[in-house]
Protein chains: 2
Amino acid sequence: MKKSVKKSKLSWEEIAEFCETLTEAEDALTREMVSRISDKWSLWTMSVVADIDEPMRFSRIMEHVEGISQKSLTKTLRGLERDGLITRKVFAEVPPRVEYTITALGSEMLDNVAPLWLWTAKSVQRFQACRAAFDDRGVQPARK
Amino acid sequence: MKKSVKKSKLSWEEIAEFCETLTEAEDALTREMVSRISDKWSLWTMSVVADIDEPMRFSRIMEHVEGISQKSLTKTLRGLERDGLITRKVFAEVPPRVEYTITALGSEMLDNVAPLWLWTAKSVQRFQACRAAFDDRGVQPARK
DNA sequence: CCGTATCCAAGCCGATACTG
DNA sequence: CAGTATCGGCTTGGATACGG
């Protein structure tokens with residue numbers, strides 16, 4: 001189960017080094033983009049749009065992203081569009097039709113998130129064990 | 001310039017497939033753990049604790065994680081401890097001393113986050129360009 | 001030194017109602 | 001169909017004060 005550590009593994013220090021070459025605005029945007037990953041809906045929405053190989057309509061996306069409200073989906077899609085992760089195409093028809101498509105940049109982001117997600121999913125029992133041990137020790141969890 | 005796409009590249013569908021083998025609780029915890037990554041302070045705190053090669057005291061961490069409040073740092077550290085990402089050792093001294101250390105699990109998580117962070121940082125100009133283009137389009141004109 | 005307790009402001013997000 | 005508008009509960013996190 002345990003993989004051998006690759007020599008080419010990136011160290012966090014290398015990241016920090018690279019990030020220091022960024023302007024303050026660029027650094028802030030980097031954090032903001034990473035934030036998308038844990039955004040309640042963004043990643044799920046992206047993966048839904050990406051999974052189907054053709055443009056998707058608003059209502060169809062909403063069916064697949066279970067539990068999202070219309071308002072949140074609109075907001076999520078606008079944000080993704082603004083950052084170039086999906087495209088939005090409006091057709092001047094009645095009734096209106098709007099189609100969303102994943103962009104190359106969006107696919108790239110999904111590809112980069114995937115390994116992390118998989119590692120996390122595969123490590124989940126370890127996290128559960130740590131939590132159980134912590135809670136058994138009877139330590140008070142930090143209050144808000 | 002562009003790297004050739006590896007065949008072994010993970011697809012999002014494979015992730016979904018694996019995640020379906022998880023219980024609901026495990027799936028929820030996976031999301032929660034991924035959320036840490038974009039948590040305002042967690043990752044920064046972890047990287048600070050990890051960067052220095054010796055146990056760090058509370059006050060020292062607070063110096064390095066610029067802008068964090070005492071309350072937020074306490075909460076962040078407790079959460080990281082609970083999930084097994086750092087350890088917390090209290091010394092029965094006066095004045096009190098508490099030392100924090102990164103765990104193997106914590107290092108592993110940082111290693112898995114690193115590539116994504118680096119990709120994001122290196123892609124930041126593209127995101128900026130997309131935003132600028134979007135904002136320049138302004139409010140969508142009805143015609144065009 | 002290392003926290004906890006309390007207050008409060010801001011933002012997220014669901015529910016609901018309405019529009020072109 | 002694909003939004004926009006409004007409300008209100010809930011969470012987040014900073015400031016401040018206090019405790020062991």
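This structure is a prediction, so every number in the text was calculated from the model and none was measured. Every chain is numbered from 1 and lettered A, B, ... according to where its sequence line falls, protein lines coming before strand lines.
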Taking only the side-chain nitrogens and oxygens of [X], find out if one of them lies under 4.0 Å from OP1 or OP2 of [N].
X: A/Ser69; N: C/dA15; value: no
X: B/Thr74; N: C/dG3; value: no
X: B/Ser59; N: C/dC2; value: yes
X: A/Arg78; N: D/dT4; value: yes
X: A/Arg57; N: D/dA2; value: yes
X: A/Arg88; N: D/dG3; value: yes

query: For A/Gln70 and A/Asp39, take the nucleotide of DNA chain C holding the closest heavy atom to each; which residue's nucleotide lies nearer the 5' end?
result: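 Final value for this comparison: A/Asp39.
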
Please tell me which of the listed nucleotides, [options], lies nearest to the side chain of [X]?
X: A/Phe58; options: D/dG14, C/dG3, D/dG3; value: D/dG3
X: B/Val98; options: C/dG3, D/dT12, C/dC12; value: C/dG3
X: B/Ser72; options: D/dG13, C/dC1, D/dA2; value: D/dG13

Distance check needed: [N] [atom2] versus [X] [atom1], whole Å only.
X: B/Lys89; N: C/dC1; atom1: NZ; atom2: C1'; result: 18 Å
X: A/Met62; N: C/dA15; atom1: CE; atom2: P; result: 10 Å
X: B/Ile68; N: D/dG14; atom1: CD1; atom2: C1'; result: 11 Å
X: A/Glu99; N: D/dG3; atom1: CD; atom2: C1'; result: 16 Å
X: B/Glu93; N: D/dG20; atom1: CD; atom2: C1'; result: 15 Å

- prompt: At under 4.0 Å between heavy atoms, what does B/Tyr100 touch on the DNA or RNA strands: base, sugar-phosphate, or nothing?
  reply: sugar-phosphate

message: For A/Asp27, is there an ion pair with A/Arg31 - N to carboxylate O distance below 4.0 angstrom?
response: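 Salt bridge between A/Arg31 and A/Asp27, a charged N being under 4.0 Å from a carboxylate O: yes.
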
query: Are B/Arg126 and A/Glu108 within salt-bridge range, i.e. N to O under 4.0 Å?
result: yes

field: Separation of B/Thr45 OG1 from B/Ile61 CD1 (nearest 0.5 Å)
entry: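 One finds 7.5 Å between CD1 of B/Ile61 and OG1 of B/Thr45.
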
message: Under a 3.5 Å threshold, yes or no: a donor from one side chain and an acceptor from the other, between B/Ser72 and B/Ser69?
response: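 Short answer, yes.
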
task: Go through the side-chain N and O atoms of A/Glu66 and A/Trp44 and say whether any donor and acceptor fall under 3.5 Å apart.
output: no

field: DNA chain D: 5'-proximal contact among A/Arg97 and A/Lys71 (nearest heavy atom)
entry: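 Here A/Arg97 is the residue nearer the 5' end.
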
